[in-house]
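Remarks on the structure that follows.
All values derive from a computational prediction rather than experimental measurement. Labels below follow one simple rule: chain letters A, B, ... track the order of the sequence lines, proteins then strands, and each chain is numbered from 1.
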Amino acid sequence: MLGMLLKDYYSLRSYFKKQIFLMIVLYLILALALQNMSFFSTMMMMYAMMIYMSAFSVDASSCWDAYACTTPVKPVSVVGARGLLLLIGIWGLGSVTALISMCGDVLLFGNPATETLGVFLAVAVVYTFVGIISLPIFYKIGAERGRMAMTILFIVPFVAVIWVGSMWDTLFGGISWESLNWPLIVLITLLVMVVLCVVSFLLAVRIYRTKEY
Amino acid sequence: MNIIISNTGEKPIYDQIKEQIKNAVLAGELRSGDALPSIRMLAKELRISVITTKRAFEELEREGFIETVPGKGSFVAQRNSELLREEALRRMEEALESAVQIARRSGIASQDVRSALEMLLEGD
Amino acid sequence: MENAIEIRGLNKQYKDFALKDVTFNVPEGAIVGFIGENGAGKTTTIKSILGIAHADGGEVSILGSTPEQQRRNASEDVGVVMDTGFFFEMLRPADISNVCARMYHNWDRGLFQEYCRRFDIPMKKPYKDFSKGMRVKLRIITALSHHPKLLILDEPTSGLDPVVRSDMLDLFLDFIQDERHSILLSSHITSDLEKIADYIVFIHEGRIVFSMSKDDMLQQFAVLKCSKEQLPEIMEVAGAVGRRDTKFDVEILVDNATEVRAAFPSVLCESASIDDIMTFFAKGEQ
């Protein structure tokens, strides 16, 4: 698995360097303009998603998967490395940048840290869901169509939140936002996310193992 | 040791190799007990198939010119003068056969052939 | 002596193409040349051997395993060069070596570096900047540097100049010095195969036409050229497998050259090259 992550690093290295500089500059400008650092982690997690999608495109362009069949690399390693790339990108990069922006927000702009934390967690969960569901999809239908599918998938949570928000009273008339058992909701979400990760991973491995070229 | 192969020409390559090794043995260039190159090394150097070199060596062994020791390689067989004489005789007869054929095709009389042979045998 | 690869009755159906009853072996210690026109089924056969494509029927054994086992446990002992499928072009040879070191137990860094040095391949340049010849060399040395026992190559030297091809032939011949090593080489460069192949397997429209030793093949097949008038008499003896009529003569490919030459010593009967054999089979089917 480490070998596969190394391969992805080598493949995307130059892409990294170009994109990240641009993003940091953009971000600094926005942060100063809006006096708010909370979306630092959001931007970085979006960046992580771009890397994730590019990894599939890069493999497709060099017909890597067909070649990998002839090497001792196991399907679990290939798929696992891709999943790790996603999760480390979102949660690793995301939490580090969330921490930085929380400190920044509190020290520089006097904004509450909870806002940043909330934003980070919400976005990280959504991105994880989208990314991990896309994993078997990418292996099933290929990199290009996978990209489109993933982009469409992004819209789902967005629309869902807006719809639930507008229908709140009809659906849950009487129950207020604050009175919800948030810790329980968070726990359930995390549990669902973990289960989803495992199921997607196993499904993706199965698809990859039996794929023909 | 030199082995020079023609890729064009009708004579099979294994035959050419066989002939040249035989010649070397008959002429004394290769002596009893001398090691021959491995069939794979020979194939690689001459850029031919291993099956070809293998066949050449197998036939040489069958005709008694070389011996193959498993794990060690092939060596020129102990000098068997009987064998060598037979081989030399065979070649001489082949050459004479060619001469006779030419004579027949061109209508030269047997008597003339004999005279020519006598002259050649005497004049050395 | 074992067979490195054994194929019995391989069948695979695609929409407008099928492999039918493909049967041949790659003996240990041998170089098997796999020939056929484009689209004849060489790549499909190779993919089926490696487990990249799933066969519809038949048995394949590669180093004693089935293709599914081969793909799953992927034996370290098989080195593969296909015309598509390799690392992404932004990788440098040094990067490839680092990744391969983690993929193969037997990856030999020293050997890889030595090959790169020998063939003037820069270790620190992304290989997208390489010439075509250098790219192919890189793929071949990558396949060799994990000490495989079996090399499978699908048209590795197409489009290369003769000098580079000669270097590659040397590599293959070096590889085969160990008599437990074997090579399956599919190629259009029939002159190379005429030199180094031990066996030739000819596939045409999804079927194996013949599988025989190269020496036998070059001895048995010949191109006979004669006049139209001489033809009927000759055809009684000749095993004609293909025919080409020109304005000036008739040319037929025969598979029993020795008999024909004995029966008709004055008729022109020249050794057939692999190219001749392929073209006559493909075109002159009468």
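The two residues C:Ile52 and A:Ala66 make their nearest non-hydrogen contact at CD1-O, 3.8 Å.
Listed by first and then second residue, the ring-ring contact (aromatic ring centres under 6.0 Å, His included) pairs that reach into residues 53-87 of chain C are A:Trp64-C:Phe87, A:Tyr67-C:Phe86, A:Tyr67-C:Phe87, C:Phe86-C:Tyr127, sequence neighbours excluded.
Within the 4.5 angstrom heavy-atom criterion, only side-chain atoms of A:Met4, from C-beta onward, approach chain C. Only the side chain of A:Ser14 comes within contact range of chain C, with heavy atoms under 4.5 Å apart. Interface remark: A:Thr70 contributes backbone and side-chain atoms alike to the contact with chain C (heavy atom separation under 4.5 Å). Of the atoms belonging to C:Thr142, it is side-chain heavy atoms, and not backbone ones, that fall under 4.5 Å from chain A.
The NZ atom of C:Lys128 sits 14.5 Å away from atom OG of A:Ser62, with the distance rounded to the nearest 0.5 Å. Rounding to the nearest 0.5 Å places OG1 of A:Thr210 at 11.5 Å from CD of C:Glu68. For the atom pair NZ of A:Lys211 and CZ of C:Arg71, the computed distance is 9.5 Å after rounding to the nearest 0.5 Å. Separation of atoms NZ (A:Lys7) and CZ (C:Arg102) is listed at 14.0 Å; rounding is to 0.5 Å. A:Tyr10 contributes atom OH, which lies 8.0 Å from atom CG of C:Leu91 (distance to the nearest 0.5 angstrom). Interatomic distance, C:Met103 CE to A:Ser77 OG, rounded to the nearest 0.5 Å: 10.5 Å.
Top candidate by heavy-atom pairs under 4.5 Å with chain C, chosen from A:Ser61, A:Gly3, A:Ser11, is A:Ser11. With chain A as partner, the option from C:Leu50, C:Thr84, C:Asn98, C:Val78 having the largest number of non-hydrogen pairs under 4.5 angstrom is C:Asn98.
Heavy-atom contacts from other residues, nucleotides or ligands closer than 6.0 Å to CD of C:Glu114 number more than 12. Under a cut-off of 6.0 angstrom, the local environment of CZ in C:Arg109 is crowded, with over 12 non-hydrogen atoms contributed by other residues, nucleotides or ligands. The local environment of CZ in A:Arg209 is crowded, with over 12 non-hydrogen atoms from other residues, nucleotides or ligands closer than 6.0 Å.
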Problem set entry | Worked verdict on A:Arg13 versus C:Asp95 for side-chain contact (heavy atoms from CB on, under 4.5 Å) | CA-CA 11 Å; A:Arg13 184 167 44 188; C:Asp95 300 332; 3.0 Å; yes
